[in-house]
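Residue indices begin at 1 and follow the sequence shown.
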Amino acid sequence: RSFARSLLRFLGFIFCGIAAAQAFGGVLVILMLKSYRYLFQETYLSLPGWLALATALTLLPTGVLAVSISVKCSRNQQGTLMYLLLLLLCLEMSSAALARSYCVRTASQLESVMGYLVHHHNWTCSQDPGNSTVDVIQRKLQCCGVHNYTDWLTTSSSSWYHPACVPESCCKEEHSHCRGDLGHVEQLSEEGCLKKLEGQLCFAMLYVFWFCTLLIILELLAGVSNSILMRHQPFHELRIL
């Protein structure tokens, strides 16, 4: 019983401290998808982030209640803690399952969307920096094409103009005089946009997934500890359930 009380106190402090990290993961997913909302038509992809935020808000009172129970056992507090742990378990499992499935889904969807945008992007070898969706992504992520700069050699524009260059948004930031000339490949970003986009989006989703998995284990431990304490304090009145 003393070990269960100590463990519950420890987990209570952990829940209070870990709420900030959980909220960070939720905000990260929401902002990431909002930043690239023009690549996704589904608005529900940010649902794991909102569930993570709801979990973070629920973790705070749960942690405070766990610490309070470890100091002074109260039947009402113990019952309330069990309800909160059950609610957290549902939120965590839903968030983890959605984050894992959405990571796989967005990865397959990104390739087709990026391929379409690159293939139908109208551009010429000029000094016009361009402000299209593809140009914005390439400047922001410092990438070029879907897989690499050679993707621009098979676009609809290249078949008409046969350019010896790629869009200027492919240029590295340190080369201010770069015009996308293929004669100076070293001035172009080597990595494709697909890999970087997948890396950022899946990092945010997997962060939520693994964090939720860890919290599920901790919540089960807290539930077991609370059950041990409740076992040593028999029910005198069942109406509080």
Side-chain angles (χ1 to χ4, degrees), residues 8 10-69 77 79-114 116-117 133-134 136-137 140-141 143 193-224 226:
L8 192 61
F10 173 74
L11 291 174
F13 287 117
I14 290 294
F15 288 156
C16 292
I18 217 169
Q22 181 75 346
F24 170 77
V27 172
L28 183 64
V29 171
I30 294 171
L31 293 181
M32 188 73 64
L33 291 171
K34 184 178 180 181
S35 178
Y36 299 109
R37 60 186 178 276
Y38 39 77
L39 297 177
F40 304 100
Q41 295 180 352
E42 297 88 348
T43 56
Y44 57 80
L45 290 177
S46 60
L47 185 57
W50 291 109
L51 288 176
L53 282 180
T55 301
L57 294 176
T58 312
L59 274 173
L60 288 175
T62 304
V64 172
L65 200 57
V67 174
S68 176
I69 292 174
Q77 290 181 348
T80 303
L81 179 62
M82 281 301 191
Y83 286 125
L84 288 176
L85 289 174
L86 181 60
L87 174 61
L88 282 172
L89 191 64
C90 294
L91 289 172
E92 298 285 355
M93 293 180 67
S94 301
S95 184
L98 290 175
R100 190 70 184 94
S101 61
Y102 287 174
C103 178
V104 178
R105 181 170 182 174
T106 53
S108 60
Q109 184 179 350
L110 275 175
E111 186 171 7
S112 60
V113 173
M114 284 298 301
Y116 177 84
L117 291 175
T133 300
V134 179
V136 172
I137 294 176
K140 186 175 182 178
L141 299 180
C143 57
C193 296
L194 178 62
K195 185 177 180 180
K196 287 196 171 184
L197 277 172
E198 286 181 353
Q200 287 193 4
L201 290 172
C202 281
F203 170 80
M205 291 291 185
L206 291 179
Y207 177 94
V208 172
F209 171 77
W210 288 112
F211 217 89
C212 288
T213 304
L214 174 63
L215 277 174
I216 288 173
I217 298 174
L218 296 179
E219 287 157 11
L220 290 175
L221 289 176
V224 171
N226 192 36

Kindly indicate whether the side chain of [X], heavy atoms from C-beta on, has any atom under 4.5 Å from the side chain of [Y].
X: L215; Y: L88; result: no
X: L85; Y: L220; result: no
X: C103; Y: F209; result: no

| request: Would you please name every residue forming a side-chain hydrogen bond (donor to acceptor under 3.5 Å, both in side chains) with S68, sequence neighbours left out? | output: Q77
| K140: partners by side-chain hydrogen bond (donor to acceptor under 3.5 Å, both in side chains), with sequence neighbours left out |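 side-chain hydrogen bond (donor to acceptor under 3.5 Å, both in side chains) list for K140, sorted by chain: S35.
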| Who pairs with A204 by side-chain contact (heavy atoms from CB on, under 4.5 Å), at least two apart in sequence or on another chain? | L28, V29
| note | Across all chains, not counting sequence neighbours, the side-chain contact (heavy atoms from CB on, under 4.5 Å) partners of V113 are L39, Q109, L117
Let me confirm one number: the [atom1]-[atom2] distance from [X] to [Y], rounded to the nearest 0.5 Å.
X: L110; Y: K196; atom1: CG; atom2: NZ; answer: 15.0 Å
X: E92; Y: L214; atom1: CD; atom2: CG; answer: 9.0 Å
X: K34; Y: L45; atom1: NZ; atom2: CG; answer: 15.5 Å
X: I69; Y: L81; atom1: CD1; atom2: CG; answer: 4.5 Å
X: L47; Y: I30; atom1: CG; atom2: CD1; answer: 9.5 Å
X: M93; Y: I216; atom1: CE; atom2: CD1; answer: 5.5 Å

| query | What residues, two or more places apart in sequence or in another chain, satisfy disulfide (SG to SG under 2.5 Å) together with C212? | reply |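 Expected list: none.
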| task | Measure across M82 and G223 and return the closest heavy-atom pair with its distance rounded to 0.1 Å. | result |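 So the minimum-distance heavy-atom pair works out to CE-O, 3.2 Å.
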| Contact summary for P48 and L98, nearest pair of heavy atoms |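 That closest heavy-atom pairing would be CG-CB, 3.7 Å.
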Output a table of donor-acceptor pairs, distance under 3.5 Å, between side-chain atoms of residues 13-26 and any protein atom two or more places apart or on a different chain; print 'none' if there are none.
none

For residues 51-63, run the donor-acceptor check on the side chains, cut-off 3.5 Å, and write out each pair with its distance to 0.1 Å, sequence neighbours left out.
{"unit_1": "T55", "atom_1": "OG1", "unit_2": "L51", "atom_2": "O", "d": "2.8"}
{"unit_1": "T58", "atom_1": "OG1", "unit_2": "A54", "atom_2": "O", "d": "2.8"}
{"unit_1": "T62", "atom_1": "OG1", "unit_2": "T58", "atom_2": "O", "d": "2.7"}

| message | Closer than 3.5 angstrom, by distance alone: can the side chain of S95 be matched with the main-chain N or O of L91 as a donor-acceptor pair? | response |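 Not a single qualifying donor-acceptor pair exists.
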| field | Qualifying side-chain hydrogen bond (donor to acceptor under 3.5 Å, both in side chains) pairs, either residue in residues 198-212, two or more places apart | value | Y36-Q200
| query | Around K195, counting heavy atoms of other residues, nucleotides and ligands shown, do more than 12 lie under 6.0 Å from its NZ? | reply | no
